[in-house]
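One structure below.
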Amino acid sequence: MPVISRGFHGRRSESEHKLPPGQYETHDFPVLSAGPTPRVPVDTWRFKVRTESGTLHEWSWADFLALPTEKPRVDLHCVTKWSKFDTRWTGVSLDLLLADVETSAEYALVHSYGGYTTNLPLEDLLDGKAWIVHQFEGEELDPEHGGPARLLVPHLYLWKSAKWVRGIDMLVDDEPGFWESAGYHEYGDPWREQRYQGD
Ligand SMILES: Nc1nc2c(c(=O)[nH]1)N[C@H]1C(S)=C(S)[C@@H](COP(=O)(O)O)O[C@H]1N2
Ligand SMILES: [Mo]
């Protein structure tokens, strides 16, 4: 184990402080998709929350657009080691979307159009930590980046931010999603470098 870190010898730049261990900064916006980009017309788009008792809460695109928005400015951290600082989004907080959802479940399984899934503790979607976003840098979200709408959970590695989101199931028992079943960490905190199972 090295006892002297590189940062010890000089002042760290502002952006180095924002970089979790093992990450580098990029100014690009890479596209990482496990399959083809689904094209989801907004007139058939639905966002559905299902509780552990089977109660369904459903939003059409018009319902979704009628909700008050927030404009999170956040840093993104991908498990493939790029980080992108100060990205600007527009969307609806999960606090608002889940406000009337009665559940005692502790886990969420997020579903996307195209079949992708990812799991996380329900509390990681609450308290101002997660949004369903439909704009990036003031423009409609590109299909490649998850348009018409994606989940944004910036405090976890970006694979948790499901693109083309279509719903969230509340689960009493945790269930791994797509990458979590393939050996990625079940939680994925970039600051603790939780890339793979056992990290
Ligand atoms: N539906 C869906 N969401 C997804 C993915 C995917 O393959 N399908 N890839 C994840 C991964 S691994 C990353 S790093 C980010 C990439 O988002 P971007 O393509 O907008 O950079 O989306 C995440 N969300
Ligand atoms: Mo990723």
Side-chain angles (χ1 to χ4, degrees), residues 1 15-16 18-38 40 47-50 52 72 74-87 89 91 93-94 97-98 103 105-133 136 141-147 149-199:
M1 284 283 284
S15 50
E16 262 180 284
K18 295 178 17 166
L19 215 45
Q23 298 290 111
Y24 66 87
E25 183 184 4
T26 182
H27 294 278
D28 299 333
F29 195 178
V31 171
L32 282 106
S33 304
T37 296
V40 189
F47 178 65
K48 297 184 185 183
V49 171
R50 191 190 311 269
E52 70 276 22
V74 298
D75 301 338
L76 308 178
H77 307 296
C78 175
V79 73
T80 62
K81 301 198 168 177
W82 57 267
S83 291
K84 182 173 175 63
F85 295 139
D86 205 28
T87 61
W89 304 82
S93 80
L94 264 298
L97 289 162
L98 299 181
T103 180
E106 288 181 21
Y107 300 98
L109 185 62
V110 185
H111 294 265
S112 295
Y113 287 96
Y116 185 85
T117 55
T118 187
N119 62 310
L120 68 174
L122 185 51
E123 65 176 10
D124 286 85
L125 292 175
L126 301 173
D127 293 325
K129 294 199 289 287
W131 299 266
I132 304 293
V133 292
F136 173 72
L141 184 57
D142 283 340
E144 287 71 19
H145 287 297
R150 78 181 295 169
L151 178 63
L152 180 66
V153 199
H155 71 287
L156 301 176
Y157 281 124
L158 200 57
W159 89 78
K160 301 283 181 179
S161 293
K163 304 196 281 190
W164 319 294
V165 67
R166 70 181 302 169
I168 301 176
D169 287 349
M170 309 291 172
L171 302 181
V172 172
D173 298 309
D174 199 7
E175 213 179 281
F178 179 81
W179 285 119
E180 295 84 2
S181 303
Y184 282 67
H185 198 277
E186 72 272 11
Y187 187 63
D189 179 351
W191 297 96
R192 288 185 280 167
E193 216 173 348
Q194 295 173 333
R195 298 179 194 275
Y196 307 108
Q197 256 163 50
D199 284 351

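Numbers for residues simply follow the sequence, beginning at 1. For the numbers below, each heavy atom of this structure counts, side chains included, while hydrogens, waters and symmetry mates do not.
The CG atom of Leu120 sits 9.0 Å away from atom CG of Asp174, with the distance rounded to the nearest 0.5 Å. With rounding to the nearest 0.5 Å, the separation of CG in Asp127 from CG in Leu94 is 11.0 Å.
Looking at residues two or more places apart in sequence or on another chain, you find a side-chain hydrogen bond (donor to acceptor under 3.5 Å, both in side chains) between Thr87 and Trp89. Residues meeting the side chain to side chain contact (heavy atoms under 4.5 Å, CB included) test with Glu175, sequence neighbours left out: Leu109, Leu171. Partners of Glu180 under the salt bridge (charged side-chain N to carboxylate O under 4.0 Å, His left out) rule, at least two apart in sequence or in another chain, are Lys160. Scored by the salt bridge (charged side-chain N to carboxylate O under 4.0 Å, His left out) test, Glu52 finds no partners at all (sequence neighbours excluded). Residues meeting the side chain to side chain contact (heavy atoms under 4.5 Å, CB included) test with Leu126, sequence neighbours left out: Asp95, Leu98, Leu122. With sequence neighbours excluded, the residues forming a side chain to side chain contact (heavy atoms under 4.5 Å, CB included) with Pro21 are Trp191, Glu193, listed by chain and number. Applying the ring pair (Phe, Tyr, Trp, His ring centres under 6.0 Å) test to Tyr196 and every residue at least two apart in sequence or in another chain returns Tyr184. Residues passing the salt bridge (charged side-chain N to carboxylate O under 4.0 Å, His left out) test with Asp124, sequence neighbours excluded: none. For Arg166, there are no side-chain hydrogen bond (donor to acceptor under 3.5 Å, both in side chains) partners two or more places apart in sequence or in a different chain. Here Trp179 pairs with nothing under the side-chain hydrogen bond (donor to acceptor under 3.5 Å, both in side chains) rule; sequence neighbours left out. Looking at residues two or more places apart in sequence or on another chain, you find a salt bridge (charged side-chain N to carboxylate O under 4.0 Å, His left out) between Asp189 and Arg192. Listed by chain and residue number, nothing satisfies the side-chain hydrogen bond (donor to acceptor under 3.5 Å, both in side chains) test with Thr26 (two or more places apart in sequence, or in another chain).
Taking the six-membered ring where tryptophan is involved, the planes of Trp82 and Phe29 are perpendicular, since the angle between them exceeds 60° and thus also 30°.
Nearest heavy atom pair, residue His27 against residue Lys84, reads O-NZ, 3.1 Å.
A donor atom on one side chain and an acceptor atom on the other are not found under 3.5 Å apart for Thr117 and His111.
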